[in-house]
Student: 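Once you've had a glance at the structure underneath, I'll fire off some questions.
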Amino acid sequence: MHIVALFNLKGGVGKTSTAINLAWAAAADGCRTLLWDLDAQGGASYILRRKPLKQGVTRAFRKGTPLAKLVRDTLYERLALIPASPANRKLDILLDRHGAKRKLLSKLVAPLAEDYDVLVLDCPPSLSALAEQILLASDLIVTPVVPAPLSANAFEAVASHLDAHEISRKKLRPVFNLVDRRRTLHRQWITRPPKGFGRRFETVLPAAAVVEQMSLRREPLGEFAPRAPASEAFQRLWIEVLESLQTKCC
């Protein structure tokens, strides 16, 4: 099972929309896909029409309750969801209080490999005990970045966090998101990104009204606007993700 984390220290960069559309693209490509909404705000759960969990997720971290018991079906074939929970806000405290081992999350998700080919993590925007678990467990860390200095600073902070915790930077791959080509800075960064970005995805995800409609229609983009440029961009990103994972299919 491949674990792909959508992670950024900065909020408002289109992380949740990217997570949903990547998970949908993976499922449409034939992969048995599980999306875990780890963000207590629950944006992915809302769009996929699932109610938040109550306390189940904390039991998984505290007592080792199988994550499979928290999985819910979605309306889409081969795409399942572990919904968000208000209790997700307590996970950092829980991990610190119980002195959780660094690979606790890896241990919890391992049994899911029997039923899923891809696990997509929609992560909260913070560097914390939970973040360390996520970054360590992931095979690939997709970081949506808006072409702006604050986003660059946030990306570098994530890269520095990986170094500090002896986690390979090779996992970290930025993708430009919410790009408006009418803006000079956006055009410049697409062609000449900051040196610290390293290897990035070639796909550029545009700022588009149709993406904002996801929260109104409560559907992945590919369901209601499959031919929109933004939808096609997410499909291309999924292909790049597969290439990064060095696999052709699930």
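No hydrogens, no waters, no symmetry mates; every other heavy atom, side chains included, goes into these values. Counting from 1, the numbers follow the sequence of the chain as shown.
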Student: Quick check: is Val4 connected to Phe155 through a chain of hydrophobic side chains (ILVMFWY, heavy atoms under 4.5 Å apart)?
Tutor: no
Student: Parallel, tilted or perpendicular: which fits the ring planes of Phe197 and Trp189, with parallel below 30° and perpendicular above 60°?
Tutor: perpendicular
Student: Could you state the interatomic distance from CG (Asp73) to CG (Leu48), rounded to the nearest 0.5 Å?
Tutor: 12.0 Å
Student: Contact between Ile141 and Ile134 at the side-chain level, heavy atoms closer than 4.5 Å - yes or no?
Tutor: no
Student: Please check if atom CZ in Arg181 has more than 12 non-hydrogen atoms from other residues, nucleotides or ligands closer than 6.0 Å.
Tutor: no
Student: If two hydrophobic side chains count as joined below 4.5 Å and joins carry through other members, does Leu140 share a cluster with Leu35?
Tutor: yes
Student: Are the side chains of Leu34 and Val118 in contact, using a 4.5 Å heavy-atom criterion?
Tutor: no
Student: Which heavy atom in Pro147 sits nearest to a heavy atom in His186, and how many Å separate them?
Tutor: O-CD2, 3.4 Å
Student: Using distance alone, with no hydrogens and no angle criterion, decide if Trp36 and Asp122 have a side-chain donor and acceptor under 3.5 Å apart.
Tutor: no
Student: Does the Asp117 side chain pair with the main chain of Arg32, one donor and one acceptor, at a distance under 3.5 Å?
Tutor: yes
Student: For the pair Glu232 (side chain) and Pro226 (backbone), establish whether a donor and an acceptor sit closer than 3.5 Å, ignoring hydrogens and angles.
Tutor: no
Student: In terms of hydrophobic clusters joined by side-chain contacts under 4.5 Å, are Trp24 and Leu81 together?
Tutor: yes
Student: Are any non-hydrogen side-chain atoms of His165 and Leu136 less than 4.5 angstrom apart?
Tutor: no
Student: Salt bridge between Asp37 and Arg50, side-chain N to carboxylate O under 4.0 Å?
Tutor: no
Student: Write down the atom of Val146, the atom of Ser151, and the distance for their closest heavy-atom approach.
Tutor: O-CB, 3.0 Å
Student: Compare every heavy atom of Gln235 with every heavy atom of Ala25, then report the nearest pair and how far apart it is.
Tutor: CB-OE1, 4.1 Å
Student: In Å and rounded to the nearest 0.5 Å, what is the OH to CD1 distance from Tyr76 to Ile20?
Tutor: 9.5 Å
Student: Roughly how far, to the nearest 0.5 Å, is CG of Leu119 from OG of Ser138?
Tutor: 8.0 Å
Student: Kindly say whether Leu135 contributes a backbone atom to a donor-acceptor pair with the side chain of Lys171 at under 3.5 angstrom?
Tutor: yes
Student: With clusters defined by side-chain heavy atoms of hydrophobic residues (ILVMFWY) lying less than 4.5 Å apart, directly or transitively, does Leu22 cluster with Ile239?
Tutor: no
Student: Counting distance only, does the side-chain N/O of Lys15 pair as donor-acceptor with the main-chain N or O of Cys123 below 3.5 Å?
Tutor: yes
Student: Have Arg173 and Ser244 got a donor and an acceptor in their side chains that come within less than 3.5 Å?
Tutor: yes
Student: Taking the side chain as every heavy atom from C-beta outward, state whether Phe201 and Arg236 have any pair of such atoms under 4.5 Å apart.
Tutor: no
Student: Quick one: OG1 on Thr74 to CG on Leu79, what's the gap to the nearest 0.5 Å?
Tutor: 4.0 Å
Student: Begin with the C-alpha distance, continue with both residues' side-chain angles, and end with the deciding distance and a verdict on side-chain contact (heavy atoms from CB on, under 4.5 Å) for Arg72 and Leu53.
Tutor: CA-CA 10 Å; Arg72 304 291 184 267; Leu53 300 173; 3.5 Å; yes
Student: Any heavy-atom pair between the side chains of Leu178 and Asp180 that's under 4.5 Å?
Tutor: no
Student: Between atom CZ of Arg187 and atom CG of Leu185, what is the distance when rounded to the nearest 0.5 Å?
Tutor: 10.0 Å
Student: So, Asp163 and Arg169, do they make that salt bridge, N to O below 4.0 Å?
Tutor: yes
Student: Would you say Leu172 and Leu6 are hydrophobically clustered, going by side-chain heavy atoms of ILVMFWY under 4.5 Å?
Tutor: no
Student: For His161 and Leu127, work out which heavy atoms get closest and say how close.
Tutor: CG-CD2, 3.7 Å
Student: Mark yes or no for whether Glu240, through its side chain, and Thr203, through its backbone, hold a donor-acceptor pair below 3.5 Å.
Tutor: yes
Student: If you apply the rule side-chain contact (heavy atoms from CB on, under 4.5 Å), what do you find for Met214 with Ser17, and how did you get there?
Tutor: CA-CA 8 Å; Met214 287 174 58; Ser17 60; 4.2 Å; yes
Student: For Leu108 and Leu67, work out which heavy atoms get closest and say how close.
Tutor: O-CD1, 3.6 Å
Student: Looking at Gln188, is its backbone amide N or carbonyl O close enough to the side chain of Thr191 to form a donor-acceptor pair, meaning the two atoms are under 3.5 Å apart?
Tutor: yes
Student: Looking at side-chain heavy atoms only, is the closest gap between Asn88 and Asp39 below 4.5 Å?
Tutor: no
Student: Evaluate the side-chain contact (heavy atoms from CB on, under 4.5 Å) criterion for residues Val142 and Phe7: first the C-alpha distance (whole Å), next the side-chain angles of each, then the deciding distance (0.1 Å), finally the verdict.
Tutor: CA-CA 6 Å; Val142 180; Phe7 188 90; over 6 Å; no
Student: State, with a plain yes or no, whether a side-chain heavy atom of Val175 is found less than 4.5 Å away from one of Leu237.
Tutor: yes
Student: How many angstroms lie between atom OH of Tyr116 and atom CE of Met1, to the nearest 0.5 angstrom?
Tutor: 10.0 Å
Student: Any side-chain heavy atom of Ser85 within less than 4.5 Å of one from Lys54?
Tutor: no
Student: Less than 6.0 angstrom from the centroid, inside 45 degrees of the normal: does Arg218 satisfy that with respect to the ring of Tyr46?
Tutor: yes
Student: Which is it for Leu205 and Val179 under the side-chain contact (heavy atoms from CB on, under 4.5 Å) test, yes or no, and what are the steps along the way?
Tutor: CA-CA 6 Å; Leu205 303 173; Val179 173; over 6 Å; no
Student: Answer yes or no: is there a donor N or O on one side and an acceptor on the other, between the side chain of Asn8 and the main chain of Thr143, under 3.5 Å?
Tutor: no
Student: Short question: side chain of Ser128, backbone of Ala131 - any donor-acceptor pair under 3.5 Å?
Tutor: yes
Student: Indicate the atoms forming the closest heavy-atom contact of Thr33 with Ala26, along with that distance.
Tutor: OG1-CB, 3.5 Å
